Amino acid sequence: MLDIRYIRKDSENAKRRLKDRGINPDTVDQLLVFDQKRRELIQKVESLKAQRNKVSDKIAFAKRQKEDASEAIMQMKQVGADIKKLDNEQSLLESQVQEISAHLPNLAAAEVPVGPDEAANVEQRTWEPKDYGSRPHALKETAGVKAHYEIGENLGILDFERGAKVSGARFLYYVGDGARLERAVYNFMLDEHRREGYTEMITPIVVNDSAMFGTGQYPKFQEDAYRVEGLDQTYIPTAEVPLTNYYSGEEIPSEDLPIKFTALSPSFRKEAGSAGKDTRGLIRLHQFNKVEMVKFTRQEDSYNELEKMTADAENILQKLNLPYHVIMLSTGDMGFSAAKTYDIEVWMPQQNVYREISSVSNTEDFQARRMHITYRDEDNKLKLVHTLNGSGLAVGRTVAAILENYQNEDGSVTIPEVLRPYMGGQEKLHATSHH
RNA sequence: GGAGCUAUGGCACAAUCUGGUACUGCAACGGACUCGAAAUCCGUCGAGCCGCAUUUCGCGGUGUGCGGGUUCAAAUCCCGCUAGCUCCUCCA
């Protein structure tokens, strides 16, 4: 959520910056009207309440003295009724202010490119293994390159058909070495992050509505969430939700900052509005594994920590020897809560494109204000923490990238060296029977 | 899932039956004493949120788990909810 006092005080800039995020300035004007009315009403009702408090004290005093207070009581009857009426008006205005505020996205950081969509994103850097060209999996340019789902099905390690039979489209079974590879990948990721100082967590994967509100998924993006029927609970779309809400409503001892969490979790998304897109393979599923990173930082540290978190995600791809590039998302392509986002896209040779495998964002105090997570600065002043989140990485998409980039001409797949200790020293995936 | 109990400052608790200034202790902070500290004594102490004012001290509202209701007035009475504890039931 944005600071209403900023919008009030610097409304022209607020409108301009929100316009970059796709918000009609009229919406902001409407918000300011409600806010103005609300504050006028507060002043009215508060002076009545001050009066009531004073007279109530007098009545209490009189009763103790066994004196008659019925005149004051009669007088206060009307005041009480007026307060109730104004209180109701005020709570209506509060909810109108809240309704608009809750739907306003975060403001973009100054250096974020302004643009309506992904065309305005700006590439930051590219990376590929030094010996990429001489490796057997360097099939980037050749015609015989297979798609990851084709490789997986041929090897018998990915079973989309039975996933669809049992659950529906966009679900799958990993079978045998496929399941082992997935497990190797996320264990490797978690171990790397732990080494970088992240505390490993296992979180609830069902959360309540206030948690979904806290990180910014609700109220705006409910249609993409798997809700538990009748329970006001939701299967998490990302571990960012339970990890960030861990401290909701709390003051974090400032000597503990920055705090770094990592967790593997399944992520559930209805993918409403993406019908027909990326329908095949591991790219777009209703359920997928993801290793997530979350940080809580002092305000002045968050952008430095954003760079570090991005490097932590890149480290995984570098150790896996997978080519990638990093882009900075434009104002029109960023997520609701983000002030600045780097996407990391991994090279997928069969489609000849870079494909998103991680998204790393600084939300500044946007989530912390919704969740009320604070710390005290050097002057003992209460401040909102900054929160960051990033994938490190999407596990299924990593498996897909490994299959495509490490495929051999005989149909086998070489296992990246760093993963071999996680697979009993195995070096290749071959077609085998798993039945 | 069933029954009972509980929820009050950073912590521990009182006031709830019988509606009327939310008690006390510990901790914390300031001061006295001291070369310094401990002990002792004196004083301050409801976090957060909202509004107004602002160069500074501020003023008011809210705030006894959450949401309603009754009342001139709610920690207290009524209704709903949440969480925790105990017992029963169930379970990996």
Side-chain angles (χ1 to χ4, degrees), chain A residues 1-11 31-102 202-214 218 228-234 242 245-256 296 299 365-385:
Chain A
M1 212 129 66
L2 301 175
D3 184 357
I4 183 77
R5 276 167 291 209
Y6 165 76
I7 299 176
R8 208 186 280 154
K9 220 165 64 186
D10 198 0
S11 54
L31 173 65
L32 288 170
V33 167
F34 286 141
D35 178 58
Q36 178 64 31
K37 282 190 191 165
R38 170 183 152 271
R39 284 184 298 145
E40 284 166 9
L41 206 52
I42 283 172
Q43 290 179 48
K44 252 195 240 171
V45 72
E46 283 192 352
S47 72
L48 282 180
K49 283 179 179 174
Q51 188 196 347
R52 179 178 67 182
N53 289 344
K54 267 189 199 153
V55 178
S56 279
D57 284 349
K58 278 187 193 147
I59 292 171
F61 184 78
K63 291 255 180 186
R64 271 197 299 274
Q65 306 294 315
K66 309 282 187 208
E67 288 167 12
D68 178 55
S70 53
E71 193 182 326
I73 289 175
M74 283 308 290
Q75 187 194 352
M76 280 301 103
K77 253 187 203 292
Q78 185 57 45
V79 174
D82 291 348
I83 287 173
K84 183 170 275 187
K85 182 166 152 282
L86 292 177
D87 265 347
N88 286 337
E89 280 177 42
Q90 192 203 328
S91 76
L92 177 67
L93 280 165
E94 295 289 356
S95 63
Q96 284 168 319
V97 167
Q98 173 70 13
E99 173 66 16
I100 295 177
S101 310
I202 295 175
T203 74
I205 62 173
V206 174
V207 297
N208 61 30
D209 287 355
S210 79
M212 289 291 277
F213 177 84
Y218 284 0
V228 183
E229 199 168 337
L231 278 184
D232 295 337
Q233 289 174 326
T234 304
N245 276 280
Y246 185 77
Y247 283 118
S248 65
E250 297 189 32
E251 177 188 326
I252 302 178
S254 48
E255 64 269 22
D256 293 350
F296 305 83
Q299 299 191 349
D365 63 14
F366 186 83
Q367 294 179 326
R369 183 171 294 107
R370 291 167 94 91
M371 273 181 272
H372 201 82
I373 305 177
T374 57
Y375 70 102
R376 292 196 185 268
D377 68 9
E378 296 72 21
D379 302 326
N380 210 34
K381 242 188 90 181
L382 206 62
K383 289 198 163 169
L384 294 166
V385 298

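Within every chain, numbering begins at 1; the chains are lettered A, B, ... in the order of the sequence lines, protein sequences first and strands thereafter. Just so we're clear, the structure is a prediction, and the values are computed from it rather than from any experiment.
Applying the side chain to side chain donor-acceptor pair (under 3.5 Å) test to Asp87(A) and every residue at least two apart in sequence or in another chain returns Lys49(A). Residues satisfying the side chain to side chain donor-acceptor pair (under 3.5 Å) test with Asn88(A), not counting sequence neighbours, are none. Annotation: ring-ring contact (aromatic ring centres under 6.0 Å, His included) contacts of Tyr246(A) (sequence neighbours excluded): Phe261(A). Among residues two or more places apart in sequence or in another chain, the ring-ring contact (aromatic ring centres under 6.0 Å, His included) test is passed with Phe366(A) by Phe336(A). With sequence neighbours excluded, no residue forms a salt bridge (charged side-chain N to carboxylate O under 4.0 Å, His left out) with Asp256(A). Among residues two or more places apart in sequence or in another chain, the side chain to side chain donor-acceptor pair (under 3.5 Å) test is passed with Ser91(A) by none. Every residue meeting the side chain to side chain donor-acceptor pair (under 3.5 Å) condition with Asp82(A), not counting sequence neighbours, appears here in chain and number order: Gln78(A).
Using atom C1' as the reference point in both rC26(B) and rC33(B), the two lie 23 Å apart (nearest Å). The separation of rG9(B) from rU24(B), taken at their C1' atoms, amounts to 13 Å, rounded to a whole angstrom. For the C1' atoms, the distance from rG19(B) to rA73(B) is 8 Å, rounded to whole Å. Rounded to whole Å, the separation between the C1' atoms of rG48(B) and rU8(B) comes to 16 Å. Going from the C1' atom of rG65(B) to that of rG60(B) covers 26 Å, rounded to whole Å. Nucleotides rG63(B) and rG58(B) place their P atoms 23 Å apart, quoted to the nearest Å. Separating the P atom of rU64(B) from that of rC52(B) is a span of 24 Å, rounded to the nearest Å. Going from the C1' atom of rC90(B) to that of rA3(B) covers 16 Å, rounded to whole Å.
A donor-acceptor pair under 3.5 Å is absent between the side-chain atoms of Glu251(A) and the main chain of Ile373(A), judged by distance alone. Checked by atom type and distance alone, the side chain of Thr374(A) never pairs as donor or acceptor with a backbone atom of Lys383(A) at under 3.5 Å. The main-chain N or O of Gly80(A) is never found under 3.5 Å from a side-chain atom of Arg52(A) such that the two would form a donor-acceptor pair.
In this structure, the CG atom of Asn208(A) is 12 Å from the C1' atom of rA83(B), given to the nearest Å. The nearest whole Å value for the distance from the NZ atom in Lys383(A) to the P atom in rC49(B) is 14 Å. Taking atom CG of Asn53(A) as the reference point, atom P of rC59(B) lies 16 Å away to the nearest angstrom. Computed from coordinates, the Arg38(A) CZ to rC50(B) P distance equals 8 Å when rounded to whole Å. Ile4(A) places its CD1 atom 14 Å from the C1' atom of rG51(B), with the value rounded to the nearest Å. The distance between atom CG of Asp87(A) and atom C1' of rC50(B), rounded to the nearest whole Å, is 13 Å. Between the P atom of rG63(B) and the NZ atom of Lys49(A) lies a distance of 7 Å, rounded to the nearest Å. Counting to the nearest Å, the P atom of rU82(B) and the CD atom of Gln233(A) are 11 Å from each other.
Scanning RNA chain B for stems, defined as runs of 3 or more consecutive Watson-Crick or G-U wobble pairs whose donor-acceptor distances all fall under 3.5 Å, gives the following ranges: B:1-7 with B:82-88, B:10-12 with B:24-26, B:28-32 with B:40-44, B:48-52 with B:58-62, B:65-69 with B:77-81.
If you check every strand for non-hydrogen atoms under 4.0 Å, Asp57(A) touches nothing.
Remark: His372(A) in residues 366-375 of chain A come within less than 4.0 Å of RNA chain B through at least one heavy atom.
Residue whose closest nucleotide on RNA chain B sits further toward the 5' end, between Arg5(A) and Val55(A): Val55(A).
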Nucleotide N/O of nucleotides 52-58 of chain B paired with protein N/O under 3.5 Å:
residue : atom : partner  : partner atom : Å
rC52(B) : OP1  : Arg39(A) : NH1          : 2.9

Could you list, one pair per line, each protein nitrogen or oxygen that sits under 3.5 Å from a nitrogen or oxygen of nucleotides 66-72 of chain B, together with the distance?
residue : atom : partner  : partner atom : Å
rU70(B) : OP2  : Lys84(A) : NZ           : 2.5
rC72(B) : OP1  : Lys77(A) : NZ           : 2.3
rC72(B) : O4'  : Ile73(A) : O            : 3.3

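Here the CD-OG distance, from Gln367(A) to Ser248(A), works out to 11.5 Å after rounding to the nearest 0.5 Å.
Between Ala72(A) and Ile59(A), the shortest heavy-atom distance links the atoms CB-CG1, 3.9 Å.
Put simply, the side chain of Leu32(A) reaches to within 4.5 Å of the side chain of Ser11(A), judged on heavy atoms.
Between Arg5(A) and the choices Asp3(A), Leu2(A), Ile7(A), the side chain to side chain contact (heavy atoms under 4.5 Å, CB included) rule is met once, by Asp3(A).
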Review item, side-chain donor-acceptor pairs of residues 34-44 of chain A, under 3.5 Å, at least two apart:
residue  : atom : partner  : partner atom : Å
Asp35(A) : OD1  : Arg8(A)  : NH2          : 3.3
Asp35(A) : OD1  : Arg38(A) : NH1          : 2.9
Asp35(A) : OD2  : Arg8(A)  : NE           : 2.7
Asp35(A) : OD2  : Arg8(A)  : NH2          : 3.4
Asp35(A) : OD2  : Arg39(A) : NE           : 3.4
Gln36(A) : OE1  : Arg39(A) : NH2          : 2.8
Gln36(A) : NE2  : Glu40(A) : OE2          : 3.0
Arg38(A) : NE   : Glu94(A) : OE1          : 3.0
Arg38(A) : NE   : Glu94(A) : OE2          : 3.2

